[in-house]
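Step one of this worksheet: look at the structure below.
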There are 2 protein chains.
Amino acid sequence: MELKPLDALKLWHDVVLDTVRRDVPDLSARQLAILLTVYLESPPHTVRGLAAKLDVSKPAITRALDTMGQKDLLKRKRDDTDKRNVLVQRTVAGSVYLSELSDTIIAKANEHIS
Amino acid sequence: MELKPLDALKLWHDVVLDTVRRDVPDLSARQLAILLTVYLESPPHTVRGLAAKLDVSKPAITRALDTMGQKDLLKRKRDDTDKRNVLVQRTVAGSVYLSELSDTIIAKANEHIS
DNA sequence: CTATTCCGTTTCGGAGCCGGATCAGTCTAC
DNA sequence: GTAGACTGATCCGGCTCCGAAACGGAATAG
């Protein structure tokens, strides 16, 4: 398998264009990074941990969790063992959203990679 | 070659995370879509054409050209044959930016696709 | 118990982006 | 030449997001 520079950009172009057009729900790069991190990396995920991993401020994470939580893509849960912590958890809607994104990527990839 | 759903998401995760961290210059999804369209699709590129292709308003394109022009990623040029039109053209800095993006995508892809 | 540290949230002023409506400039039909 | 169509840019009020600082609650050290 071989992914050439032009193919890589075309793939990115097609997927980004797709997400821009069907703007529901449109996530910022940060929000998407948070969503993907929570779904792909092993728990637990805390606000502080996510802020450190993405190298952004804590309020930015809190706000992203607010908006994505409102869209049911993610949910908060208090840590019972240490009630200062907030654990970020997955939802069904979030899984569906990423599943669709995955489908889009694969579909576009098949057009460019051979 | 085979790109599985999980691989696709991991690839997206790695690249998005990379772009979020090195935030200079951070482009919105729309801006990136414009940039990729101008560099990948055949000219000419007008404000109206880009607005139609991305399905966004004209002011959004004008503003995106302002900010990306300020960063030298893109430049405007009046159409000599029809002076109503503005032709969006490529720059060296824009090519470099996309080249680096391409490198990142390929590097991450090689970790996930086998 | 008290002081300190750590956590996530909220406040604050500021900056950026949004689309609808409108504008000035250009081209075209007649 | 004049009316109309069409271009990209600008104005406008509104909305979102930003990070630094301050906050309340929870855990920890002494």
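Only a predicted model underlies this, so the values are computations on that prediction, with no experimental measurement involved. Reminder, nothing fancy here: chain letters follow the sequence lines and each chain counts from 1. All values below were derived from every heavy atom in this structure, side-chain atoms included, with hydrogens, water molecules and symmetry-related copies excluded.
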Query raised in the report: Donor-acceptor pair, R90(B) side chain versus L35(B) backbone, under 3.5 Å?
Result: no

**Report entry** Among dG8(C), dT7(D), dT26(C), the one nearest T46(A) by side-chain distance
**Finding:** dG8(C)

Query raised in the report: Expressed in angstrom and rounded to an integer, what is the separation of R48(A) atom CZ from dG19(D) atom P?
Result: 15 Å

Query raised in the report: Atom NZ of K58(A) and atom P of dG19(D): how far apart are they, to the nearest Å?
Result: 13 Å

Query raised in the report: D79(A) CG to dC6(C) P: how many Å, rounded?
Result: 17 Å

Report summary line: Ranking dT9(C), dA9(D), dC7(C) by distance to the side chain of V86(A), first place goes to dT9(C)

Query raised in the report: Counting side-chain heavy atoms from CB outward, which of dC18(C), dC27(C), dG8(C) is closest to D82(B)?
Result: dC27(C)

Query raised in the report: Distance-only, no hydrogens or angles: does the D18(B) side chain make a donor-acceptor pair with backbone N or O of D14(B) under 3.5 Å?
Result: no

Query raised in the report: Considering only side-chain heavy atoms of V47(A), which listed nucleotide, dG8(C), dC27(C), dT10(C), is closest?
Result: dG8(C)

Query - Side chain R30(B), main chain I61(B), donor-acceptor under 3.5 Å - result: no

Query raised in the report: Does dT9(C) have OP1 or OP2 sitting under 4.0 Å from an N or O in the side chain of R76(A)?
Result: yes

Query raised in the report: Looking only at side-chain N and O atoms, does T62(A) come under 4.0 Å of OP1 or OP2 in dT9(C)?
Result: yes

Query raised in the report: In whole angstroms, how far is the C1' atom of dC17(C) from the CD atom of Q31(A)?
Result: 14 Å

Requested in this report: Give the rounded distance in Å between these two atoms: CZ of R78(A) and P of dC7(C).
Outcome: 12 Å

**Report entry** Between C1' of dG8(D) and CD1 of I34(B), the distance in whole Å
**Finding:** 14 Å

Query raised in the report: Any side-chain heavy-atom pair from L32(B) and L101(B) closer than 4.5 angstrom?
Result: yes

Requested in this report: Verify the contact: side-chain N or O of R30(B) to OP1 or OP2 of dG19(C), cut-off strictly under 4.0 Å; return yes or no.
Outcome: yes

Query raised in the report: Which residue, D66(B), V47(B), L87(B), V88(B), forms the side chain to side chain contact (heavy atoms under 4.5 Å, CB included) with R76(B)?
Result: D66(B)

Query raised in the report: Expressed in angstrom and rounded to an integer, what is the separation of I61(A) atom CD1 from dT10(C) atom C1'?
Result: 16 Å

Report task. For R84(B) and dC6(D), give me the distance from atom CZ to atom C1', rounded to whole Å. Result -> 5 Å

